[in-house]
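My questions will all concern the structure given below.
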2 protein chains.
Amino acid sequence: MRAFKHPHPDEIELERVLYGLSDPLRLAIVRQLADCGEASCGALDGGRPKSSVSYHFQVLRDCGIIATRNDGPVHINTLRRADLNARFPGLLDAILAQGRG
Amino acid sequence: MRAFKHPHPDEIELERVLYGLSDPLRLAIVRQLADCGEASCGALDGGRPKSSVSYHFQVLRDCGIIATRNDGPVHINTLRRADLNARFPGLLDAILAQGRG
DNA sequence: TCGAGAGTTCGATATTTCTAGAACTAACAA
DNA sequence: TTGTTAGTTCTAGAAATATCGAACTCTCGA
């Protein structure tokens, strides 16, 4: 399987990041990744069919929110914390803080 | 003209706020309101027809991002800074910081 | 080389969001 | 009244998103 296309850190757009996080399933995925560090797609599917889940992972990738790498038959997803923090300081923390505490 | 319906501070949803701010025109409106304090709808139309602008103002209202009050024939819009800060500390600042010096 | 597991891609459909003209309403001034 | 300004609401169509089954690709192990 070929490598995924991720936007360069400088190309990450605020509007697209906000859009990417405006969906409940995607936000849940991002929260999980923030906690777990990394996870496969199947581990975060929320009970939906895999084609739907794959679609949402693609959205998150395209928006520059997560990175996906290929590890054998499994795809490992990570939050692009450093890139997001560098470009939009405090944004991710403010969003992830919600629903805690 | 009857009063507008605004969500109660406790009812403001993160997903909807993020969605509301994920559009360039709406984000521009919010930035302006952050600078000016308050403004009429027409002052922030970005050259679009007024039905379109009215639609976006309604989205921002429904999401709990702005409040609109009636002052004679003009509608005055303000950012719901305090409500947003109380519910999502740091979120608005992180978003507004983008695109500043 | 066969099969299984993990995800992607395709295709069709459904839902949501966006755009904008036209008609409408409210507030005010002449 | 009548007209003007400001904005909403209606309506219809366009565009973007979302959903999900089915077929496909990759990788690995038996």
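Atom set for the values below is all heavy atoms of this structure, side chains included, hydrogens, waters and symmetry mates excluded. Residue numbers begin at 1 in each chain, while the letters A, B, ... track the order of the sequences.
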*Using a 4.0 Å heavy-atom cut-off, write out nucleotides 12-19 of chain C from 5' to 3' as B (base contacted by protein), S (sugar-phosphate only) or - (no contact).*
-----SBB
*What's the CD-P distance between A:Glu38 and C:dA6, to the nearest Å?*
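The distance from CD of A:Glu38 to P of C:dA6 comes to 16 Å, rounded to the nearest Å.
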*asked:* Under 4.5 Å between side-chain heavy atoms, counting indirect links through other Ile/Leu/Val/Met/Phe/Trp/Tyr residues: same cluster for A:Ile65 and A:Val59 or not?
replied: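 No, because A:Ile65 and A:Val59 fall into different hydrophobic clusters, even though each may have its own neighbours under 4.5 Å.
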*Got a sec, which residues hit salt bridge (Lys or Arg N to Asp or Glu O under 4.0 Å) with A:Asp10, two or more places apart in sequence or on another chain?*
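In terms of salt bridge (Lys or Arg N to Asp or Glu O under 4.0 Å), with neighbours along the sequence ignored, A:Asp10 is linked to no residue.
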*Separation of A:Gln58 atom CD from D:dT17 atom C1', in whole Å?*
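To the nearest whole Å, that distance equals 12 Å.
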*Apply salt bridge (Lys or Arg N to Asp or Glu O under 4.0 Å) to B:Asp45 and list each qualifying residue two or more places apart in sequence or on a separate chain.*
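Checked B:Asp45 against salt bridge (Lys or Arg N to Asp or Glu O under 4.0 Å); zero matches.
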_Can you measure B:Arg69 atom CZ to D:dA6 atom C1' for me and round it to whole angstrom units?_
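So the CZ-C1' distance, B:Arg69 to D:dA6, works out to 15 Å.
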*Check the distance between D:dT8's P and B:His75's NE2 and give it to me in whole angstrom.*
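Answer to the nearest Å: 5 Å.
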_Rounded distance in Å - CD (B:Glu15) to P (D:dT17)_ =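 Going from CD in B:Glu15 over to P in D:dT17 covers 18 Å.
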*Distance, rounded to the nearest Å, where A:Asp62 contributes CG and D:dA16 contributes P*: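 These atoms are roughly 15 Å apart.
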_Of the listed nucleotides (C:dG7, C:dT9, D:dG7), which one gets closest to any side-chain atom of A:Lys50?_
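Shortest atom-to-atom distance from the side chain points to C:dG7.
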*Linking I/L/V/M/F/W/Y whenever any side-chain heavy atoms sit under 4.5 Å apart, do A:Ile12 and A:Leu96 land together?*
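Yes.
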*Taking atom P of D:dT8 as reference, at what distance in whole Å does atom CG of B:Leu60 sit?*
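So the two atoms are 11 Å apart, to the nearest Å.
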*Starting at CG of B:Asp71 and ending at C1' of C:dA27, how long is that distance when rounded to a whole Å?*
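These atoms are roughly 11 Å apart.
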*Any side-chain heavy-atom pair of A:Arg87 and A:Arg80 under 4.5 Å*: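 A side-chain contact under 4.5 Å is absent here.
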*If Ile, Leu, Val, Met, Phe, Trp and Tyr residues are connected whenever their side-chain heavy atoms lie under 4.5 Å apart, and connections chain through other members, are B:Phe4 and B:Leu79 in the same group?*
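Different hydrophobic clusters.
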*Nearest listed nucleotide, side chain of A:Pro73, among D:dG7, D:dT27, C:dG7*: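 In terms of side-chain proximity for A:Pro73, the closest of D:dG7, D:dT27, C:dG7 is D:dT27.
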